[in-house]
Number of protein chains: 2
Amino acid sequence: MLDQFETIGRAIADPSRPRILKLLEDGELCVCQITTVLGLAPATVSKHLSLLRQAGLAAQRKAGRWIYYRLAERSSNPYAAPMLVLVRSVSGDDDIIAADRGKLCEVRAIPVERLCAATPSFQTTIVSAITEE
Amino acid sequence: MLDQFETIGRAIADPSRPRILKLLEDGELCVCQITTVLGLAPATVSKHLSLLRQAGLAAQRKAGRWIYYRLAERSSNPYAAPMLVLVRSVSGDDDIIAADRGKLCEVRAIPVERLCAATPSFQTTIVSAITEE
DNA sequence: ACGCCATTTCGCTATACGACGAAACAAGAA
DNA sequence: TTCTTGTTTCGTCGTATAGCGAAATGGCGT
């Protein structure tokens, strides 16, 4: 019980993971999309997603070469659902969240095949182009 | 917004601090009482309490030589109150929480002047006597 | 089978955090 | 004021965690 609560706590005690959860509120995303929005290395994002999944806050779905993550609808951790409700209450007025939401909108406009095949420099171009708006 | 949420997350991402919050659900306690129940050094408990206070989850009241801590009723952090509700939902079936509750009952039976003036060895005696029950 | 590519795991570095003892602080008692 | 004592702060140590690059894994397409 207490360790499950702690697991949830550790899962959100980080700047990046709540950002990921907020991104997933609009629907499932593949790892490369999340990586592009956050501007972090794929290895780092993968670790974050693994933690969120272990905490029962997120779930994954394999589709071909890509793996899509979504908010968990049913979790073995009894504190996951209430925590997701609390996360949802986090205001979109926050600068970072608003910026992420904007980036996500741009990223969604690009087909996954195009985005993921993009060279790192091109991804940077995308990110900077979005950031400068 | 997001940093306030992270502050709350960090405040509960630890085994000891949720235990403290559960203890405070039964009413305010002074530091020496919490220290005795948790079996940690006063410096450690003080740090935990400081974090809980900064997160807006706990509040303090000075009474003579002692400082009493309680759950915060009004907090500047908008996520504090919902988090306390979630903490309250943590089941007392948990072994650690149940044991803490038992120790707290014994500790409450001892006047604060007696408990705090107790030598560390006597505190150990109290704790072990309680534990062995 | 082989290559390709999204994702994960591994190895590593830098920083953050929990724990304690010792010293500093604060407030009642003498 | 001086002493005592509950609490906090400081300094330190050991462990945990975020971040990345490089290598391993797992599917898809050829």
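These figures come from a predicted structure and were not determined experimentally. Below, chain A is the first sequence line, B the second, and so on; all start at residue 1.
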Identify whether any heavy atom of [X] sits under 4.0 Å from a base atom; if not, whether one sits that close to sugar-phosphate; answer base, sugar-phosphate or nothing.
| X | result |
| --- | --- |
| A/Leu40 | sugar-phosphate |
| B/Arg53 | nothing |
| A/Ala41 | sugar-phosphate |
| A/Tyr68 | nothing |
| B/Gln60 | sugar-phosphate |
| B/Ser50 | nothing |

Consider the side chain of [X], meaning its heavy atoms from C-beta on, and name the nucleotide among [options] that approaches it most closely.
| X | options | result |
| --- | --- | --- |
| A/Thr44 | D/dC20, D/dT8, C/dA16 | D/dC20 |
| B/Arg10 | D/dT7, C/dC17, C/dT8 | C/dC17 |
| B/Ala43 | C/dA22, D/dC20, D/dA18 | C/dA22 |
| A/His48 | C/dT8, D/dA18, C/dC20 | D/dA18 |
| A/Arg65 | D/dG27, C/dT8, D/dT9 | D/dG27 |

Rounded to the Å, how far apart are [X] [atom1] and [N] [atom2]?
| X | N | atom1 | atom2 | result |
| --- | --- | --- | --- | --- |
| B/Ile110 | D/dG6 | CD1 | P | 14 Å |
| B/Ile12 | C/dG18 | CD1 | C1' | 17 Å |
| A/Gln54 | C/dT8 | CD | C1' | 13 Å |
| B/Trp66 | C/dG28 | CH2 | C1' | 9 Å |
| A/Arg61 | C/dT7 | CZ | C1' | 15 Å |
| A/Glu28 | C/dA6 | CD | C1' | 16 Å |
| B/Ile34 | D/dG6 | CD1 | P | 15 Å |
| B/Leu49 | D/dG6 | CG | C1' | 13 Å |

Considering heavy-atom distances to DNA chain D, does A/Arg17 or B/Val45 have its closest nucleotide positioned more toward the 5' end? B/Val45

Side-chain N or O of B/Ser46 less than 4.0 angstrom from OP1 or OP2 on D/dG6? no

For A/Tyr69 and C/dT8, is the shortest distance between a side-chain N/O and OP1 or OP2 below 4.0 Å? yes

For A/Val31 and B/Lys47, find the nucleotide of DNA chain C closest to each by heavy atoms; which residue's nucleotide sits nearer the 5' end? A/Val31

Using side-chain heavy atoms (C-beta onward) and a distance below 4.5 Å, is B/Pro18 in contact with A/Leu2? yes

Verdict with supporting geometry, B/Leu71 and B/Glu25, side chain to side chain contact (heavy atoms under 4.5 Å, CB included): CA-CA 7 Å; B/Leu71 298 183; B/Glu25 284 180 0; 3.8 Å; yes

Looking only at heavy atoms, what is the nearest atom pair of [X] and [Y], with distance?
| X | Y | result |
| --- | --- | --- |
| A/Phe5 | B/Met83 | CZ-SD, 4.2 Å |
| A/Ala13 | B/Arg10 | O-NH1, 3.1 Å |
| B/His48 | B/Asp14 | CE1-OD2, 3.7 Å |

I'd like to know whether NZ of B/Lys22 has more than 12 heavy-atom contacts from other residues, nucleotides or ligands below 6.0 angstrom. yes

